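In this text the structure is predicted, and so the values were computed from the model without any measurement. What's counted below: heavy atoms across the whole structure, side chains too, no hydrogens, waters or symmetry copies.
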Amino acid sequence: MIDIIVNPVANGKKAMKCAKAAEKRLKERGVEYKIHYTSAPKHATELARELSKTSDVIVALGGDGTINEVFNGLDTEKVKFGIIPCGSGNDFIATANIPSNTEKAVDLIVDGEAKPTDYMVCGGVRGLNIIGTGIDVDILKRCRKSKILKGKLQYVISLIISLIKFVFYKFYIIRDDGSEREEKEALIACVGNGTRFGGGIRMCPEAVIDDGLLDFVIAGKLKKGKIPGAFIKLMKGKILEQDFTSFERVERIRLEFDKPVTVQVDGELFDDIDFDLSIVKGGVKIFRP
């Protein structure tokens with residue numbers, strides 16, 4: 001039995017077409033299933049939490065936001081996690097090599113193996129892909145306000161506007177027992193289990209989802225005149241080549257800011273969590289090649 005949680009408004013309601021295609025494929029394969037539709041924000045988390053009491057396989061059908069919501073309600077110790085992507089960005093599935101084609105994604109869940117996969121926890125919230133703060137949050141807020149553009153183009157235009165208007169964040173990196181504090185000013189500070197966000201922008205290009213480590217990337221303060229070149233490097237996945245960028249692999253990282261900040265977890269925005277982040281190695285079993 002496969003339980004599928006569907007966000008019916010994901011990607012301009014295209015998720016409904018994906019759901020019908022998934023149903024058709026499951027019937028062709030003779031697989032027992034049940035579809036559960038969300039009706040409000042965070043409803044997917046509630047559904048996943050309740051279904052985890054009886055289900056062996058729970059599938060998220062939607063975009064990165066739906067995947068994150070379902071994942072945050074999942075009992076990772078007993079339930080295997082499947083993903084049928086139907087979002088505008090689909091960033092995590094690119095790292096996990098999950099097919100974007102609905103029928104192939106269904107076949108992977110039916111025939112494939114659920115493999116141990118790392119995930120992150122930040123202030124009690126789980127993340128599979130990238131967690132960060134700084135200009136990425138500013139960009140996401142602009143995207144939320146946009147009513148016309150969608151997908152990667154929406155993100156890129158919001159990024160350009162944010163690069164022009166952004167005020168750098170000041171924060172401290174807290175290491176080990178808390179006695180070591182390193183001061184930083186940055187355009188963005190993020191931790192990646194996945195490689196990309198914003199529909200294909202490779203902020204953590206070397207991240208691996210099952211290596212037991214997280215990629216901690218800081219794009220530091222730079223002059224406005226250098227922003228266009230930095231933007232081009234970012235779009236080409238070469239952000240780690242910038243002289244203002246620092247990169248290290250960590251199991252845990254804690255940041256403290258001089259003012260309250262919004263933290264994005266896989267594209268979802270949180271105003272009430274601390275940037276205290278750790279890895280759970282192989283903590284969730286995901287159907288992937």
Rounded to the nearest 0.5 Å, how far does OG1 of T133 lie from CG of L269?
9.5 Å
For the residue pair S55 and D3, confirm or rule out a side-chain donor-acceptor distance under 3.5 Å.
yes
Heavy-atom side-chain proximity of R288 to F81 below 4.5 angstrom
no
Min side-chain heavy-atom separation E206-R249 under 4.5 Å
yes
Could you please spell out the steps behind the side chain to side chain contact (heavy atoms under 4.5 Å, CB included) verdict for L214 and E251?
CA-CA 6 Å; L214 302 171; E251 294 184 9; over 6 Å; no
Are the side chain of T45 and the backbone of E69 linked by a donor-acceptor contact shorter than 3.5 Å?
yes
Name all residues meeting the ring pair (Phe, Tyr, Trp, His ring centres under 6.0 Å) criterion together with F287; count only those two or more places apart in sequence or in a different chain, and write none if there are none.
none
Within this structure, what is the CG-CD1 distance for the pair L255 and I218, rounded to the nearest 0.5 Å?
7.0 Å
Start with the C-alpha distance between K221 and L187, add both sets of side-chain angles, then the distance that settles side chain to side chain contact (heavy atoms under 4.5 Å, CB included), and finish with yes or no.
CA-CA 6 Å; K221 192 172 183 179; L187 189 69; over 6 Å; no
Should the heavy atoms of other residues, nucleotides or ligands under 6.0 Å from CG of D274 be counted, would the total exceed 12?
no
Please determine whether a side-chain nitrogen of the Lys or Arg among E248 and R175 lies less than 4.0 Å from a carboxylate oxygen of the Asp or Glu.
yes
Determine whether a donor-acceptor pair (N or O, by modelled atom type, separation under 3.5 Å) exists between the side chain of Q264 and the backbone of G267.
yes
For K42, look at atom NZ and say whether over 12 heavy atoms of other residues, nucleotides or ligands are found less than 6.0 Å away.
yes
Euclidean distance, D258 CG relative to F171 CZ, rounded to 0.5 Å:
10.5 Å
Under the ring pair (Phe, Tyr, Trp, His ring centres under 6.0 Å) test, which residues partner Y119, sequence neighbours left out?
F71
Between atom CZ of F92 and atom CD1 of I67, what is the distance when rounded to the nearest 0.5 Å?
7.5 Å
Okay, side chain of D266, backbone of L128: is any donor-acceptor separation there less than 3.5 Å?
yes
May I ask you to say whether E256 pairs ionically with R254, meaning some side-chain N is under 4.0 Å from a carboxylate O?
yes
Looking at I93, is its backbone amide N or carbonyl O close enough to the side chain of N90 to form a donor-acceptor pair, meaning the two atoms are under 3.5 Å apart?
no
Atom CD1 of I35 and atom CG of L61: how far apart are they, to the nearest 0.5 Å?
7.5 Å
Report yes if the side chains of M203 and V217 come closer than 4.5 Å at any heavy-atom pair, otherwise no.
yes
Distance-only donor-acceptor check, side chains D210 and T117, under 3.5 Å
no
Note: R25-E23 ion pair, threshold 4.0 Å (strictly below):
no
To the nearest 0.5 Å, atom CD of E46 lies from atom CZ of R49 at 7.5 Å
K34 and M1: side chain to side chain contact (heavy atoms under 4.5 Å, CB included), yes or no, with the steps?
CA-CA 8 Å; K34 187 172 183 179; M1 175 72 172; 3.2 Å; yes
Report yes if some heavy atom in the side chain of F275 is under 4.5 Å from a heavy atom in the side chain of V261; otherwise report no.
no
Taking C-beta and beyond as the side chain, do T38 and I5 meet within less than 4.5 Å on heavy atoms?
yes
Check whether any side-chain heavy atom of L74 lies under 4.5 Å from a side-chain heavy atom of R126, and answer yes or no.
yes
Should V265 and N68 count as side-chain neighbours, where that means a heavy-atom distance under 4.5 Å?
yes
Kindly state each residue pair satisfying salt bridge (Lys or Arg N to Asp or Glu O under 4.0 Å) with at least one member in residues 73-95, sequence neighbours excluded.
D91-R196
Yes or no on side chain to side chain contact (heavy atoms under 4.5 Å, CB included) for V106 and I84, after CA distance, side-chain angles and deciding distance?
CA-CA 7 Å; V106 169; I84 300 175; 3.8 Å; yes
Counting only N and O atoms by type, is there a donor-acceptor contact under 3.5 Å from the side chain of D215 to the main-chain atoms of A207?
yes
Between K184 and S246, is a side chain to side chain donor-acceptor pair (under 3.5 Å) present by the stated rule, with each step listed?
CA-CA 11 Å; K184 291 280 188 179; S246 65; 4.5 Å; no
So, K281 and D211, do they make that salt bridge, N to O below 4.0 Å?
no
